[in-house]
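In each ligand, atom 1 is the first atom listed, and ligand 1 is the first ligand listed.
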Amino acid sequence: MEKNSVAVIGAGKWGQALHFALSQKQKCYITSRTKRDINNFVDLNTALSCQYLIIAIPAQQIRQWLDEHFEFKGQKILVASKGIEASTGKFLNEIYEEFIPSENLGFISGPSFAAEVIKGLPCALVLNSLNKEIFNEFEKFFPDFIKTYYSDDVIGAEICGAYKNVLAIASGICEGMNLGNNARVSLISRGLVEMQRFGSHFGAKMETFIGLSGAGDLFLTASSELSRNFRVGLGLANNKTLDEILKELGEVAEGVKTSYAINSLNKKHKIYTPIANEVYSILEGKNPKDSLKDLLKD
Ligand SMILES: NC(=O)C1=CN([C@@H]2O[C@H](COP(=O)(O)OP(=O)(O)OC[C@H]3O[C@@H](n4cnc5c(N)ncnc54)[C@H](O)[C@@H]3O)[C@@H](O)[C@H]2O)C=CC1
Ligand SMILES: O=C(CO)COP(=O)(O)O
């Protein structure tokens with residue numbers, strides 16, 4: 001294992017943006033399932049032999065990928081995905097911890113559209129880990145245009161990153177129905193309260209919800225067409241089918257599968273999550289106008 005070697009696994013939008021960012025200060029490798037014309041693109045085995053890995057593959061594919069491709073050799077890992085596994089309701093830290101010791105793991109959160117990061121525009125991110133050494137070691141790889149903060153609230157960051165995608169779908173629906181600014185901001189504010197209620201059930205810290213990982217990423221994603229999840233909401237409000245929307249998108253919108261995960265978790269744990277429930281129902285075919293009526297009277 002080459003000392004201080006860094007590799008990004010997954011060359012989608014976020015993987016490429018992180019590769020661009022981490023290439024500013026040192027050599028950074030990148031790999032993906034299909035060969036890409038990107039500087040320092042390597043095969044998977046070369047990437048896996050690096051000391052530091054950033055993994056940016058969609059949440060629903062992580063377990064299978066770890067099962068089939070990953071061998072733990074002491075690497076330090078930052079997880080860049082945002083979502084909850086729909087088939088089990090597991091948070092990403094729970095999946096990773098089945099394969100890798102928690103002291104080797106960190107999780108990226110915060111408002112960060114790949115399209116802006118890849119242009120070198122400034123942003124602030126949180127590197128969450130139970131082991132502060134992970135933050136200290138990865139922090140030095142980030143370029144000057146990204147400010148990094150440390151938090152030990154891994155579960156809080158995981159829940160914020162996943163839940164805000166579902167709320168971004170709701171906000172896109174609201175926008176697509178032309179309900180106005182008052183409605184959208186009411187939805188986002190109540191969404192933040194709902195996300196905090198859900199998160200505190202699983203031990204997340206209150207401060208995480210009012211910081212970059214919570215309010216920060218929620219405000220960003222739920223108010224911009226740069227968000228894929230927001231665009232899913234716009235499509236649903238315009239009576240497109242989910243298949244049509246996802247085909248048009250051509251990229252992952254984690255909020256869709258995460259809605260199903262949240263639906264089973266809130267039933268199991270009896271958590272009051274009206275907005276996420278309506279997103280789930282709309283994905284299952286409910287008319288958004290009926291959802292609006294139900295949300296206003298609940
Ligand atoms: N795009 C963004 O602005 C941000 C995305 N994220 C998160 O990063 C994750 C990845 O998102 P994007 O890169 O934007 O999505 P994307 O749709 O652009 O790319 C996903 C990548 O994962 C790869 N992939 C899919 N299935 C795989 C498998 N079974 N094994 C290996 N690789 C596989 C695809 O080939 C593709 O390169 C998501 O969880 C997303 O929520 C987080 C912050 C910002
Ligand atoms: O997580 C993101 C920005 O922080 C990206 O959001 P989308 O996946 O909705 O585009």
Side-chain angles (χ1 to χ4, degrees), residues 7-21 30-38 41 43-44 47-48 53-70 78-86 91-93 95-96 107-119 121 123-128 146 157-158 160-172 175 211-235 245-259 261 279:
V8 174
I9 295 177
K13 283 277 152 55
W14 192 213
Q16 289 197 43
L18 286 166
H19 172 254
F20 167 81
I30 184 163
T31 190
S32 76
R33 288 176 302 178
T34 43
K35 195 169 175 348
R36 308 272 183 118
D37 185 18
I38 310 174
F41 188 95
D43 60 35
L44 180 62
L48 285 177
L53 303 178
I54 292 118
I55 306 185
I57 60 176
Q60 308 308 321
Q61 267 72 54
I62 284 170
R63 179 182 297 282
Q64 194 184 354
W65 184 84
L66 286 167
D67 245 341
E68 289 176 3
H69 301 288
F70 186 74
L78 266 190
V79 175
S81 323
K82 295 175 178 171
I84 306 174
E85 191 175 52
F91 303 119
L92 301 189
N93 60 307
I95 303 174
Y96 273 96
F107 299 82
I108 306 180
S109 62
S112 48
F113 282 138
E116 296 185 358
V117 171
I118 205 157
K119 289 184 191 154
L121 296 172
C123 77
L125 293 175
V126 188
L127 308 185
N128 307 272
I146 299 183
E158 278 301 297
C160 288
Y163 214 106
K164 66 86 191 169
N165 285 332
V166 176
L167 298 171
I169 296 179
S171 184
E175 188 72 6
L212 290 166
S213 311
D217 207 3
L218 171 63
F219 295 167
L220 179 83
T221 321
S223 58
S224 168
E225 283 191 37
L226 278 184
S227 159
R228 285 89 49 105
N229 289 288
F230 186 87
R231 297 208 298 272
V232 167
L234 286 178
I245 297 168
L246 296 179
K247 207 166 155 205
E248 239 169 63
L249 204 60
E251 292 171 26
V252 68
E254 295 279 19
V256 173
K257 286 278 165 43
T258 296
S259 299
V279 171

Worksheet entry | Expected output: side-chain S259 to main-chain G255 donor-acceptor under 3.5 Å | yes
Worksheet item: Counting from 1, what ligand 1 atoms have a heavy atom of A11 closer than 4.0 Å?
Response: 37 (O)
Practice prompt. For G83 and ligand 1, answer yes if some heavy atom of the residue is under 4.0 Å from a ligand atom, otherwise no.
Written response: no
Fill in: A168 backbone acceptor or donor facing N229 side chain under 3.5 Å
no
Practice prompt. Name the orientation class of the two ring planes belonging to W65 and F70 (parallel below 30°, tilted from 30 to 60°, perpendicular beyond 60°).
Written response: tilted
Discussion item. I'd like to check the salt bridge (charged side-chain N to carboxylate O under 4.0 Å, His left out) partners of R231; sequence neighbours left out, ordered by chain and number.
Written reply: none
Worksheet item: So, the side chain of S32 versus the backbone of A11: is there a donor-acceptor pair under 3.5 Å, distance only?
Response: no
Item to complete: Would you indicate whether E68, at its atom CD, is surrounded by more than 12 heavy atoms from other residues, nucleotides or ligands within a distance under 6.0 Å?
Response: yes
Discussion item. Do the side chains of E254 and K82 get close enough for a salt bridge, i.e. N-O under 4.0 angstrom?
Written reply: no
Discussion item. Ignoring hydrogens, what is the shortest heavy-atom contact between K257 and Q60? Give both atom names and the distance.
Written reply: CB-NE2, 3.4 Å
Response to the item:
Nearest non-hydrogen protein atom to atom 44 (C) of ligand 1, with distance, is S112 O, 3.1 Å
Practice prompt. Measure the distance from atom 7 (C) of ligand 1 to every protein heavy atom, then report the residue, atom name and distance (to 0.1 Å) of the closest one.
Written response: A80 O, 3.6 Å
Fill in: Donor-acceptor pair, side chain of N128 and main chain of A157, under 3.5 angstrom
no
Discussion item. Counting only heavy atoms closer than 4.0 Å, does ligand 1 sit against the backbone of A115, its side chain, both, or neither?
Written reply: neither
Discussion item. Heavy atoms only: which of K13, R33, Q61, E251 lies closest to atom 30 (N) of ligand 1?
Written reply: R33
Worksheet entry | For ligand 1, the portion of R228 having any non-hydrogen atom under 4.0 Å away | side chain
Worksheet item: Side chains of V232 and V256: does their closest heavy-atom pair fall under 4.5 Å?
Response: yes
Worksheet item: If you measure from each non-hydrogen atom of R36 to ligand 1, which part falls under 4.0 Å: side chain, backbone, both or neither?
Response: side chain
Worksheet item: Quick check: does V252 get an N/O under 3.5 Å from an N/O on ligand 1?
Response: yes
Worksheet item: Between T258 (side chain) and G83 (backbone), is there a donor-acceptor pair under 3.5 Å?
Response: no
Discussion item. Keeping S112 on the side-chain end and G110 on the backbone end, is there a donor-acceptor pair under 3.5 Å?
Written reply: yes
Discussion item. Minimum heavy-atom separation for G161 and N165, please, with both atom names.
Written reply: O-ND2, 3.3 Å
Discussion item. Taking 4.0 angstrom as the limit and counting only heavy atoms of W65, give me the atoms of ligand 1 inside it, by number and element.
Written reply: 30 (N), 31 (C)
Worksheet item: Which residue supplies the protein heavy atom nearest to atom 41 (O) of ligand 1, what is that atom called, and how far is it?
Response: E254 CG, 3.3 Å
Worksheet item: At a non-hydrogen distance cut-off of under 4.0 Å, which region of W14 contacts ligand 1 (side chain, backbone, both, or neither)?
Response: both
Enumerate the pairs of nitrogen or oxygen atoms, one from ligand 2 and one from the protein, separated by less than 3.5 angstrom; state names and distance to 0.1 Å.
{"unit_1": "ligand 2", "atom_1": "1 (O)", "unit_2": "K82", "atom_2": "NZ", "d": "2.9"}
{"unit_1": "ligand 2", "atom_1": "1 (O)", "unit_2": "K164", "atom_2": "NZ", "d": "2.7"}
{"unit_1": "ligand 2", "atom_1": "4 (O)", "unit_2": "K82", "atom_2": "NZ", "d": "3.0"}
{"unit_1": "ligand 2", "atom_1": "4 (O)", "unit_2": "S112", "atom_2": "N", "d": "3.0"}
{"unit_1": "ligand 2", "atom_1": "4 (O)", "unit_2": "D217", "atom_2": "OD1", "d": "2.7"}
{"unit_1": "ligand 2", "atom_1": "6 (O)", "unit_2": "K164", "atom_2": "NZ", "d": "3.4"}
{"unit_1": "ligand 2", "atom_1": "8 (O)", "unit_2": "R228", "atom_2": "NE", "d": "3.1"}
{"unit_1": "ligand 2", "atom_1": "8 (O)", "unit_2": "R228", "atom_2": "NH2", "d": "3.0"}
{"unit_1": "ligand 2", "atom_1": "8 (O)", "unit_2": "N229", "atom_2": "ND2", "d": "3.3"}
{"unit_1": "ligand 2", "atom_1": "9 (O)", "unit_2": "S227", "atom_2": "OG", "d": "2.7"}
{"unit_1": "ligand 2", "atom_1": "9 (O)", "unit_2": "R228", "atom_2": "N", "d": "3.2"}
{"unit_1": "ligand 2", "atom_1": "9 (O)", "unit_2": "N229", "atom_2": "N", "d": "3.1"}
{"unit_1": "ligand 2", "atom_1": "9 (O)", "unit_2": "N229", "atom_2": "ND2", "d": "2.7"}
{"unit_1": "ligand 2", "atom_1": "10 (O)", "unit_2": "R228", "atom_2": "N", "d": "2.9"}
{"unit_1": "ligand 2", "atom_1": "10 (O)", "unit_2": "R228", "atom_2": "NE", "d": "2.7"}

Worksheet item: By number and element, which atoms of ligand 1 are closer than 4.0 Å to a non-hydrogen atom of F113?
Response: 3 (O)
Practice prompt. Just let me know how A114 lines up against ligand 1, side chain, backbone, both or neither, with a heavy-atom cut-off below 4.0 Å.
Written response: both
Worksheet item: Taking atom 22 (O) of ligand 1 as the point of reference, which of P58, G10, G12 owns the nearest heavy atom?
Response: P58
